[in-house]
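Notes follow the structure.
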Amino acid sequence: MFKNIKTRLLVWYSLTLFLILVGFSFTILETFAMQNIKTVDAKLKAVAYDIEHDLDEYIHGNSEGFDEEEEFFINNLNISIFKKESSKISIIEKSSANLEIFDFKREYKTLFEELENSIRVLTYQSKKDKNIFIQVSTTLYDKVHPALHSLKNTILIVVPLVFLFAIFIGFIIIRKAFKPVKKIIDEVNSINTNDLEKRINSLNSNDELDELILTFNGMLSRIEESFSKIKRFSNDVSHELKTPLTVIRGELELGLRKDRTLEEYKAILTTVLEESISLQELIDSLLFLSNSNKDEIVNNFNSVQFDELLIDVIKDNNSLLKEKNISLEIKELNQTTVEGHNVLLKVLLNNLLQNAIKYSNENFNIEITLKDNSLEIKDYGIGIKDEDLEHIFDRFYMVDKSRSKKGYGLGLSIVKLIVNIHSFKIKVNSKYKEYSSFKIVF
Ligand code: ADP
C-alpha cells in the first residue's frame with residue numbers, strides 16, 4: 001500500500017506505539033479497579049464475619065440493628081440476613097435500604113457494571129448454620145471513583161500527547177536514518193559508463209549502509225574491469241587485424257587487376273586462405289588475451305621455434321619493406337627455442353618489426369640479431385627522445401600525434417603485455433633522429 005519505506009516504517013511504528021499505549025492505559029485502569037474490588041471484598045468479608053459472630057443475637061431478635069457502617073468506615077453499606085429452607089427464603093434481619101439478591105451460587109457479585117452505580121455484593125453462607133446467608137453490599141467506587149476518574153482523564157490527555165510526540169520523534173529519526181540512502185541513490189545515479197572509475201563515498205560509519213557502499217564499490221570495480229577488458233579487446237582487434245586484412249586485400253586486388261593463369265589464381269587463393277587462417281588465430285589469441293589471466297595463458301605455453309617464427313614474420317612484412325626500400329640485415333640468427341604462446345609471440349614480433357619499418361628512414365637497413373637469450377631489432381630512423389622513452393609502452397601513447405594515420409599507440413602496449421606474460425624483458429635504446437633498438441631478453 002505504501003511504496004515508500006519511510007512511510008511504511010512510520011505507519012507500523014505508530015500502530016505499534018498506539019497499541020502499546022492503549023494496552024498500557026487499559027492495564028493501569030484495570031489494575032486500579034481490581035485493586036479497589038479486592039479492598040472492598042476484604043471489607044465486605046470482614047463485615048460478614050462480624051455479623052456471623054453476633055448471629056445468635058439477630059436470630060433471636062436481640063440485636064439493636066446493624067452498626068457495621070460506622071465500625072468499618074464503609075458508606076452505603078446494606079446488610080441482610082436470610083434463611084433458606086428448600087425453596088423458601090425468609091428474611092431474618094435487614095438494613096433499611098435493602099437489596100435483595102438471592103444469588104447463592106456466587107460468593108461475590110458486581111451489579112450494574114458502571115463506574116457511578118456499581119454495587120459489590122457478598123453473599124456469605126454462615127458456617128454456624130448452613131441455611132443462614134448473610135448478604136453484604138456497598139457501592140464499589142464510592143471513594144475511589146474521583147481518583148479513578150481523574151486517572152482516566154489524565155490518561156486521555158497524556159496518552160494522545162505522548163503518542164503525537166513519539167510519532168514526531170519517530171518521523172525525525174526515520175528521516176535522519178534514511179538520509180544517507182538518498183545520498184547513495186544520488187551518487188549511484190550520477191555514475192554512467194563514461195565514468196566507471198567513480199566510487200561512492202564511504203559514510204565512515206562502519207554500519208550496514210557503509211557495507212552496502214563497499215559492496216557497490218566492489219561491484220563497480222568488477223564492472224569497470226570488464227568494461228576496460230572489452231574496450232581493450234576492441235582496440236587491440238582493430239589494431240591487429242589491419243595487417244592481415246591489408247595482405248588479403250592486396251592479394252585480391254592484385255588478382256583482379258588483369259587476367260591471371262590458373263597457377264597464379266591458386267597462389268593468390270592460397271595466400272588469402274593462409275591469411276584468413278592467421279586472422280582467425282589472431283582473433284582467438286586476442287580474445288584469449290583479454291579474457292584470461294596470466295596463469296591461464298602460461299598453462300597453454302608450448303616450445304616455439306623462435307628463429308622460424310621470426311622468418312615467417314619477416315616474410316609477411318616483405319611488401320612493407322619493399323615499399324620503403326628497406327633491407328633487412330640479419331646479423332645473427334641462432335636456432336632458438338622459447339617456451340611461449342605461438343600466436344602471441346608472432347604478434348610481438350610483428351609489432352616490433354612493423355614499428356621498425358614504419359619509423360625507419362627510407363633506404364636504410366634494419367638490423368636483426370637473434371642470440372640464444374635475446375633478440376634485437378634496430379632501425380635507423382626518427383629515433384625517440386629521452387622524455388618520450390618512458391611513455392612509449394603506455395596505451396594510446398604516440399610521440400607525434402599528427403601522424404595518427406600511422407597508428408593508434410597500441411602496438412607497444414600489446415608488446416609489453418606479451419613480454420610480461422612470457423616473463424621476458426624488453427629494453428629500448430634510442431638516439432633521437434638516429435636510431436632505435438628494441439631488445440627482448442628471454
Ligand atoms: P603506434 O601504433 O603509434 O606505432 P606503438 O605503441 O607501436 O603505437 O608506439 C608508440 C610510439 O612509440 C609511436 O607513436 C612512436 O612514436 C614510438 N615508436 C615506436 N617504435 C618506434 C621506433 N622503432 N622508432 C621510433 N619511434 C618508435
Side-chain angles (χ1 to χ4, degrees), residues 228-229 231-247 279 282-283 285-286 289-290 310 313-314 316-331 343-370 374-422 424-441:
S228 65
K229 265 189 180 174
K231 237 181 182 173
R232 193 186 194 115
F233 174 70
S234 51
N235 285 329
D236 291 354
V237 164
S238 42
H239 182 270
E240 294 303 325
L241 295 196
K242 267 189 321 184
T243 317
L245 280 176
T246 314
V247 175
L279 203 61
L282 191 64
I283 291 172
S285 313
L286 288 175
L289 197 63
S290 65
L310 180 63
V313 172
I314 293 171
D316 284 347
N317 287 286
N318 239 340
S319 54
L320 275 181
L321 288 163
K322 271 191 197 147
E323 250 176 53
K324 284 185 86 173
N325 197 24
I326 294 169
S327 308
L328 275 186
E329 189 182 326
I330 299 179
K331 296 195 135 186
V343 182
L344 293 182
L345 288 176
K346 197 170 177 185
V347 169
L348 173 134
L349 288 176
N350 216 21
N351 281 341
L352 286 181
L353 185 62
Q354 282 185 6
N355 274 354
I357 302 170
K358 222 182 341 181
Y359 301 112
S360 159
N361 294 329
E362 282 187 26
N363 311 317
F364 274 71
N365 281 359
I366 288 177
E367 296 167 3
I368 293 183
T369 315
L370 177 61
S374 71
L375 163 79
E376 188 183 355
I377 300 179
K378 185 171 182 183
D379 67 88
Y380 295 86
I382 64 166
I384 306 165
K385 283 185 193 158
D386 283 351
E387 65 255 37
D388 289 321
L389 270 181
E390 55 185 309
H391 298 296
I392 54 170
F393 292 101
D394 296 348
R395 289 181 79 74
F396 301 108
Y397 186 84
M398 287 180 293
V399 173
D400 182 359
K401 302 198 172 47
S402 63
R403 281 188 296 118
S404 56
K405 53 182 173 309
K406 278 202 168 180
Y408 299 104
L410 278 171
L412 284 183
S413 76
I414 295 171
V415 165
K416 179 121 190 245
L417 189 67
I418 298 172
V419 162
N420 284 343
I421 286 170
H422 287 80
F424 296 163
K425 286 210 166 55
I426 184 156
K427 292 176 185 165
V428 193
N429 186 12
S430 180
K431 193 154 188 217
Y432 184 52
K433 290 198 172 163
E434 285 192 22
Y435 65 87
S436 300
S437 139
F438 287 81
K439 188 172 182 182
I440 308 273
V441 182

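For reference, positions follow the sequence shown, starting with 1. Note that ligands are numbered from 1 as they come in the structure, with each ligand's atoms numbered from 1 the same way.
- The parts of L412 lying near ligand 1 are both backbone and side chain, judged by heavy-atom distances below 4.0 Å.
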(request) Quick one: do L412 and I426 satisfy side-chain contact (heavy atoms from CB on, under 4.5 Å)? Show the steps, please. (result) CA-CA 10 Å; L412 284 183; I426 184 156; 5.5 Å; no
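- Atom numbering of ligand 1 starts at 1 in the shown order; those under 4.0 Å from a heavy atom of K358 are 1 (P), 2 (O), 4 (O).
- Only the side chain of F438 comes within 4.0 Å of ligand 1, judged by heavy-atom distances.
- Heavy atoms of G383 come nearer than 4.0 angstrom to ligand 1 in at least one pair.
- Using 4.0 Å as the threshold, Q354 has no heavy atom nearer than that to any atom of ligand 1.
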(request) Could you check L320 against T246 for side-chain contact (heavy atoms from CB on, under 4.5 Å), going step by step and ending with a plain yes or no? (result) CA-CA 11 Å; L320 275 181; T246 314; over 6 Å; no
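- Test N317, N355, D316 against N350 for side chain to side chain donor-acceptor pair (under 3.5 Å) and you get one pass: N317.
- For atom 23 (N) of ligand 1, the choice among V415, I382, D379 with the nearest heavy atom turns out to be D379.
- Within ligand 1, the atoms closer than 4.0 Å to a non-hydrogen atom of G411 are 5 (P), 6 (O), 7 (O), 8 (O), numbered from 1 in the order shown.
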(request) Evaluate side-chain contact (heavy atoms from CB on, under 4.5 Å) for I330 paired with I314, printing each intermediate quantity in order. (result) CA-CA 11 Å; I330 299 179; I314 293 171; 4.1 Å; yes
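- Checking side-chain atoms of S413 against main-chain N and O of F393 turns up no donor-acceptor pair under 3.5 Å.
- Between the K324 side chain and the K358 main chain, a donor and an acceptor come within less than 3.5 Å of each other.
- The shortest N/O to N/O separation between Y359 and ligand 1 falls below 3.5 Å.
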